S.K.: 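Got a structure here, written out as structure tokens. Questions coming.
Numbers restart at 1 for each chain; the letters A, B, ... are given by sequence-line order, proteins then strands. Keep in mind it's a predicted model, so treat the numbers as computed, not measured.
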Amino acid sequence: MKSISVEINGNFSALSFDFKHEFDSGITTLLGHIGSGKSTIVDSISGFNRQLKSIVNINGNVFDSHIPSKINLRPISVMFQDTRLIPHMNVKENISFALKKSKIKKTNSESLDVEHIIQSLGINELLNKFPDQLSGGQKQLVNLCRTLAIKSDFIILDEPMSSLDIKNKATVLSLLKEINKKYEIPILIISHSVEEIAQISDNVIILEKGKIVTCGNLSQIFLVKEFTNIVGKFESSSILEGVIFEKNLSLNITKILISGFEIVLPGDFKKIGEKIRVRIRARDVLISKNINSDSITENQLFGNVQKIKGEDDTAFSELIIKIGNSQDFQLLLIRITKYQLEKLKIKKDDKIYILFKSTSFDRQAII
Amino acid sequence: MTVFEILTAELPAIILTLKLSLITCFFLFLVGTPLALLLAYKKNKFNTFLESIFTLPLVLPSTVIGFYLLVFFNPDTILGKFFILLTGEQLAFTFQGLVLASIIYSLPFWIQPLQNSIEKVDKRLIQACTNMGSSKSSIFFEILLPMCKKGFLTSFILSFAHTIGEFGIVLMVGGNIDGQTRVLSISIYDNVEQLSYQNAHVLSLFLILFSTFVLFVIYFINNKNAIGLKS
């Protein structure tokens with residue numbers, strides 16, 4: 001059983017830190033505004049910050065900042081933000097340096113298959129090149145590969161995809177998921193992008209001025225206001241989970257059931273019977289009080305209003321809708337104008353229909 | 001006397017000068033490199049004070065350092081006694097004393113270029129390598145040494161050239177003992193004193209040509225390296 005717990009306290013660069021978290025074996029995202037102390041947390045866990053008091057427990061190996069120990073032996077591999085590659089070594093040597101040096105770390109985890117990582121990231125053609133011959137995105141891929149080559153029980157990635165294009169991001173996301181599942185090594189990612197968070201995280205921690213303001217699993221966290229505050233109202237959305245039950249390859253669609261409701265996804269995803277998550281943007285949704293038999297949209301959900309929140313200085317209100325029965329329900333966040341809310345006379349506990357077009361699922365919204 | 005005869009006659013001084021410079025650089029590598037690392041990585045008030053002390057030879061007249069070195073080399077002092085205990089000889093007016101003096105007055109020429117070069121190495125890269133599992137010695141030999149090649153070379157050129165060129169301290173600490181402390185700069189001074197201008201001419205010209213040659217070769221390698229890295 002993998003168990004990693006981190007406790008960080010103290011004051012550093014005008015922030016007062018109070019961070020206590022137990023990581024499960026999944027992928028956790030650390031989210032916070034610029035200057036909220038995310039990178040300091042990374043430095044602290046990896047042992048480079050000596051001002052803060054920290055206790056890191058990795059599968060029973062305890063690293064206490066007050067007890068001097070060799071930082072290079074910690075079974076953690078970190079991809080620091082904007083770290084440079086070793087300039088006098090080519091890509092292959094950079095990767096094998098990490099492989100060779102990390103042999104002294106004592107870990108419980110199996111070493112990763114580096115050949116497979118090189119192939120997956122598509123950097124096999126860069127192996128003989130030197131860092132100054134690579135583009136920013138290529139450097140980041142090599143850096144990621146180098147980090148994953150380090151023998152470790154805990155992987156920390158500080159903005160690992162900031163210079164990558166959409167195609168490479170998708171590759172990296174699926175590789176990280178695969179590694180996390182196959183080797184059961186917990187991963188902590190620092191990221192700002194809602195797409196990245198939605199696609200990869202099992203859990204999200206929100207950090208503000210060195211303190212955890214809230215944390216929880218992905219679908220819970222998408223509904224809290226701290227999350228919306230950081231990613232912006234424009235991106236506010238919710239994650240719903242469903243099961244694939246039908247595919248129509250001639251029309252190129254995948255049908256899924258979300259809490260008993262049929263939803264049509266454009267494209268061919270996964271296999272029948274598998275679970276799938278979709279992200280629905282709060283602003284992409286229409287609501288109605290009556291059933292719409294001659295629907296202009298493919299997708300209809302039905303639920304009751306749990307909460308209505310008017311925004312003080314905008315024209316909008318946010319509604320949280322409970323979908324499904326009381327045992328197996330999911331929460332959906334929607335954003336409509338206060339004008340519509342009044343026109344439809346929507347109150348708490350009202351039953352309403354939720355409509356949205358399948359085109360509102362872009363590829364990155366299907367996980 | 002022909003040029004060749006003069007150079008042959010002065011051969012002991014030429015060899016002694018080169019020997020002194022090379023031995024000095026060897027000890028500077030051992031002593032100056034850890035100091036440069038310390039000053040580059042540990043910034044605090046005490047180290048800033050140390051930095052000023054190590055830079056003193058750059059600003060003080062060589063006579064001041066020479067005078068104090070003579071005082072400390074005195075067999076009555078701890079350093080003097082220790083050295084006599086170790087070798088049976090006193091430090092002043094010996095080759096060993098000259099080496100020690102050269103190390104002290106060339107120290108800033110070794111530390112400063114190297115320190116600048118070490119400070120330019122991205123600290124995040126050092127952190128990343130430590131995280132990979134590199135020990136401190138691995139980081140020094142496998143990361144810093146190759147990355148600071150230019151810094152080491154510059155430190156070497158400057159210390160080597162400065163040791164060859166120093167006159168004041170050498171005269172005060174070493175005197176003018178043939179084969180022991182009579183280096184080229186002393187020899188030229190001696191020849192001028194004795195009005196043998198021809199010898200002084202040959203030696204001075206030799207020193208100019210030699211120094212130009214050494215500097216050119218090293219700067220050439222240095223620039224080639226810099227170009228090589230970019231392409």
S.K.: How about residues 120-134 of chain B versus chain A: which residues have heavy atoms under 4.5 Å apart?
M.R.: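 Residues B:Asp122, B:Arg124, B:Leu125, B:Gln127, B:Ala128, B:Cys129, B:Thr130, B:Asn131, B:Met132, B:Gly133, B:Ser134 are the ones that qualify, each having a heavy atom under 4.5 Å from chain A.
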S.K.: A:Ile104, A:Thr147, A:Val78: which one forms the most heavy-atom pairs within less than 4.5 Å of chain B?
M.R.: A:Val78
S.K.: What residues of residues 29-48 of chain B sit under 4.5 Å from chain A when only non-hydrogen atoms are counted?
M.R.: none
S.K.: Taking C-beta and beyond as the side chain, do B:Glu142 and A:His88 meet within less than 4.5 Å on heavy atoms?
M.R.: no
S.K.: Tell me, for A:Met89 versus chain B, whether the close heavy atoms (under 4.5 Å) come from the side chain, the backbone, both or neither.
M.R.: side chain
S.K.: I'd like to know whether CG of B:Leu86 has more than 12 heavy-atom contacts from other residues, nucleotides or ligands below 6.0 angstrom.
M.R.: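 Yes - once you tally the heavy atoms of other residues, nucleotides and ligands closer than 6.0 Å, there are more than 12.
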S.K.: Count the heavy atoms of every other residue, nucleotide or ligand shown that sit under 6.0 Å from CD of A:Glu178, and state whether that count exceeds 12.
M.R.: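 Above 12, so yes.
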S.K.: Sort A:Lys151 into side chain, backbone, both or neither according to what part of it lies under 4.5 angstrom from a heavy atom of chain B.
M.R.: neither
S.K.: Given a strict heavy-atom distance threshold of 4.5 Å, which part of A:Leu99 is in contact with chain B: side chain, backbone, both, or neither?
M.R.: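 No part of A:Leu99 comes within 4.5 Å of chain B.
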S.K.: Answer with side chain, backbone, both or neither: which region of A:Asn143 has an atom nearer than 4.5 Å to a non-hydrogen atom of chain B?
M.R.: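 For A:Asn143, no heavy atom lies under 4.5 Å from chain B.
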S.K.: Counting only heavy atoms not in B:Phe95, do more than 12 sit closer than 6.0 Å to its CZ atom?
M.R.: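 More than 12 within 6.0 Å, yes.
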S.K.: Heavy-atom count around B:Leu209 CG within 6.0 Å, excluding the residue itself: above 12?
M.R.: yes
S.K.: More than 12 foreign heavy atoms under 6.0 Å from OH of B:Tyr68: is that the case here?
M.R.: no
